[in-house]
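Below you'll find the structure, written out as C-alpha cells, and then a few comments.
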Amino acid sequence: MLKGKVAVVTGSTSGIGLGCARALAEAGCKVVLNGRKMNDEAEELLKTIPAETGSEVMFGAADMAEAGEIRSMIGDVVKKWGGVDILINNAGIQHVSPIDEFPEEKWDQVLAINLTSAFHTTKAALPGMKKKGWGRIINIASAHGLVASAYKSAYVAAKHGIVGLTKVTALEVAEMGITANAICPGYVWTPLVEKQLPDQMKAHKMSEQDVIRNVLLANQPNKKFATTAEMGALAVFLSSDAAASITGTSIPVDGGWVAH
Ligand code: NAD
C-alpha cells in the first residue's frame, strides 16, 4: 500500500515507535529506525524486520535532544533514500513529580525530546516533501495532549504543545499534498509506562496494582491498555491516500478517556 515510501520513526527501538516502524515496513515502506546510538537491540531489529516484512530498514542514530544530530540524521536519509515521505515523531520520555519538586533539568529534557525534536525533524523533512508534493507527518502526542493529570507538568505541557505544532504544520502545507496529524494514545503497555510505576507508587502512596487500576487506567473507561500494533495500524492509515483529507486533527486512541 505504501510501497517504496521512506518513513522515519523517531525513538523506534521499542514501544509505540517500534509498533509504527513494523506496521510501515509491513505496508511496504523503507523504514528508518532511530535511537540515540546503535546497540544490540537495534542491530537485531535491522535483521528481523526486513526478514519478516521484505522491506529495507536502516538505522539513524540521533539524540532527539540535539538539533544538530537530528539535522544530520535527516540529511543521511535524504542522501541514501532521496527524502523523507512519512515522518513519525514518536520519541518521548516521562517524569512524574509535583511541580514544586520538579527538577529543572528534567523539565528541559522532557520539552526537548517530546516537543522541540518534532520541530527540528519537521523543519528538516518539509523541504523535500514540498518538492515532491506529498508527505505525511504524524506526531505521537497523548491523551495528555488534550487533558491533564497531576504530577506530569512537563509531559502535559509538551504534549499540548505538539498538538498545537501539528495544527500549525497542517495549515502551512495544506495545499501541498502534505498532511499533519497527531495520534493521542491513552495508556499503551510499553517500557515508558512500566518505568513510571515506581514514581507513581511513591507520588500516590499506592501499591503497583492500585496504581495500574486506580491511577493509570482510572480514566480509561474500557480498562484496557491499547497495543502498539493498534498505533501502527492507525499510522499506516493516516499515511495512506484514503486519509488525504485528514489533516490538523488529534485522534484519541484511549478507550474513551477524553470522552469524559
Ligand atoms: P518507550 O519508552 O517504549 O519508547 C520511547 C522511545 O523513545 C524509546 O525507543 C527511546 O529509546 C526513545 N527515546 C527516548 N529518548 C530519546 C532520545 N533522546 N533520542 C532518541 N530516542 C529517544 O515509550 P512509548 O510508550 O513507546 O512512548 C512512545 C511515545 O508515545 C512517546 O512520545 C510517549 O509520550 C507517547 N505515548 C505513550 C503512551 C503509553 O501509554 N505508552 C501514551 C501516550 C503517549
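Both counts, for ligands and for their atoms, begin at 1 and track the order of listing.
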Original post:
Applying a strict 4.0 Å limit to heavy atoms, is Ala141 in contact with ligand 1?
Top reply: yes

**OP:** Using non-hydrogen atoms of the residue, decide whether Lys159 is closer than 4.0 angstrom to ligand 1.
**Re:** yes

**OP:** Using a 4.0 Å heavy-atom cut-off, say whether Ser117 meets ligand 1 through its side chain, its backbone, both or neither.
**Re:** neither

Original post:
With backbone taken as N, CA, C and O and side chain as the heavy atoms from C-beta onward, which portion of Asn34 lies under 4.0 Å from ligand 1: side chain, backbone, both, or neither?
Top reply: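 Answer for Asn34: side chain.
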
Original post:
Is any side-chain heavy atom of Ile16 closer than 4.5 Å to a side-chain heavy atom of Thr190?
Top reply: yes

**OP:** Check whether any side-chain heavy atom of Lys30 sits under 4.5 Å from a side-chain heavy atom of Lys5, and report yes or no.
**Re:** no

Subject >> Lys132 atom NZ, over 12 foreign heavy atoms within 6.0 Å >> reply: yes

Original post:
Would you find more than 12 non-hydrogen atoms of other residues, nucleotides or ligands less than 6.0 Å from Leu171 atom CG?
Top reply: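 Yes, because the 6.0 Å sphere around CG of Leu171 holds more than 12 heavy atoms from other groups.
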
Identity and distance of the protein heavy atom lying nearest [atom]:
atom: atom 42 (C) of ligand 1; value: Gly186 O, 2.8 Å
atom: atom 8 (C) of ligand 1; value: Ser14 OG, 3.6 Å
atom: atom 43 (C) of ligand 1; value: Pro185 O, 3.3 Å
atom: atom 26 (O) of ligand 1; value: Ile16 N, 2.7 Å
atom: atom 5 (C) of ligand 1; value: Gly92 O, 3.7 Å
atom: atom 6 (C) of ligand 1; value: Gly11 O, 3.3 Å
atom: atom 24 (P) of ligand 1; value: Thr190 OG1, 3.4 Å
atom: atom 11 (O) of ligand 1; value: Arg36 NH2, 4.0 Å

Subset of ligand 1 atoms that lie under 4.0 Å from at least one heavy atom of [X]:
X: Ala62; value: 19 (N), 20 (C)
X: Tyr155; value: 33 (C), 34 (O), 35 (C), 36 (N), 43 (C), 44 (C)
X: Tyr187; value: 40 (O)
X: Asp63; value: 17 (C), 18 (N), 19 (N)
X: Thr13; value: 9 (O)
X: Pro191; value: 3 (O)
X: Gly15; value: 3 (O), 26 (O)
X: Val193; value: 39 (C), 40 (O), 41 (N)

**OP:** For His95 and Phe102, run ring pair (Phe, Tyr, Trp, His ring centres under 6.0 Å): C-alpha distance rounded to whole Å, both residues' side-chain angles, the deciding distance at 0.1 Å, then the answer.
**Re:** CA-CA 8 Å; His95 187 80; Phe102 210 97; 5.1 Å; yes

Residue pair [X] / [Y]: nearest heavy atoms and the distance that separates them:
X: Thr228; Y: Val188; result: N-CG1, 3.8 Å
X: Phe237; Y: Ile246; result: CE2-CD1, 3.7 Å
X: Tyr187; Y: Gln200; result: OH-NE2, 4.4 Å
X: Cys184; Y: Asp254; result: O-CB, 4.3 Å
X: Lys223; Y: Leu217; result: NZ-O, 2.8 Å

Subject >> Test item: protein heavy atom less than 4.0 Å from atom 31 (C) of ligand 1 >> reply: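 For atom 31 (C) of ligand 1 the answer is yes, since some protein heavy atom falls inside 4.0 Å.
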
Subject >> Option whose closest heavy atom lies nearest to atom 28 (C) of ligand 1, chosen from Asn90, Asn139, Ile140 >> reply: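 Result: the heavy atom closest to atom 28 (C) of ligand 1 is in Asn90.
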
Original post:
Does the cation-pi check pass for Lys224 over Trp189, that is, NZ or CZ under 6.0 Å from the six-membered ring centre and within 45° of its axis?
Top reply: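 That pair does not qualify as a cation-pi contact.
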
Does any N/O atom on [X] come nearer than 3.5 Å to any N/O atom on ligand 1?
X: Asn114; answer: no
X: Met64; answer: yes
X: Ile93; answer: no
X: Ser142; answer: no

**OP:** Treat each ILVMFWY residue as a node, draw an edge where side-chain heavy atoms are under 4.5 Å apart, and state whether Ile86 and Ile178 are in one component.
**Re:**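 The answer is no; the residues belong to distinct hydrophobic clusters.
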
Subject >> Within one Ile-Leu-Val-Met-Phe-Trp-Tyr cluster: Val78 and Val6, side-chain cutoff 4.5 Å >> reply: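 Shared cluster, yes.
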
Original post:
Should the ring pair His204 and Tyr151 be called parallel, tilted or perpendicular, given that the plane angle runs from 0 to 90° and is split at 30 and 60?
Top reply: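 If you compare the ring of His204 with that of Tyr151, the planes turn out perpendicular.
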
Original post:
Checking Arg136 side chain against Ser240 main chain: does a donor-acceptor pair fall under 3.5 Å?
Top reply: yes

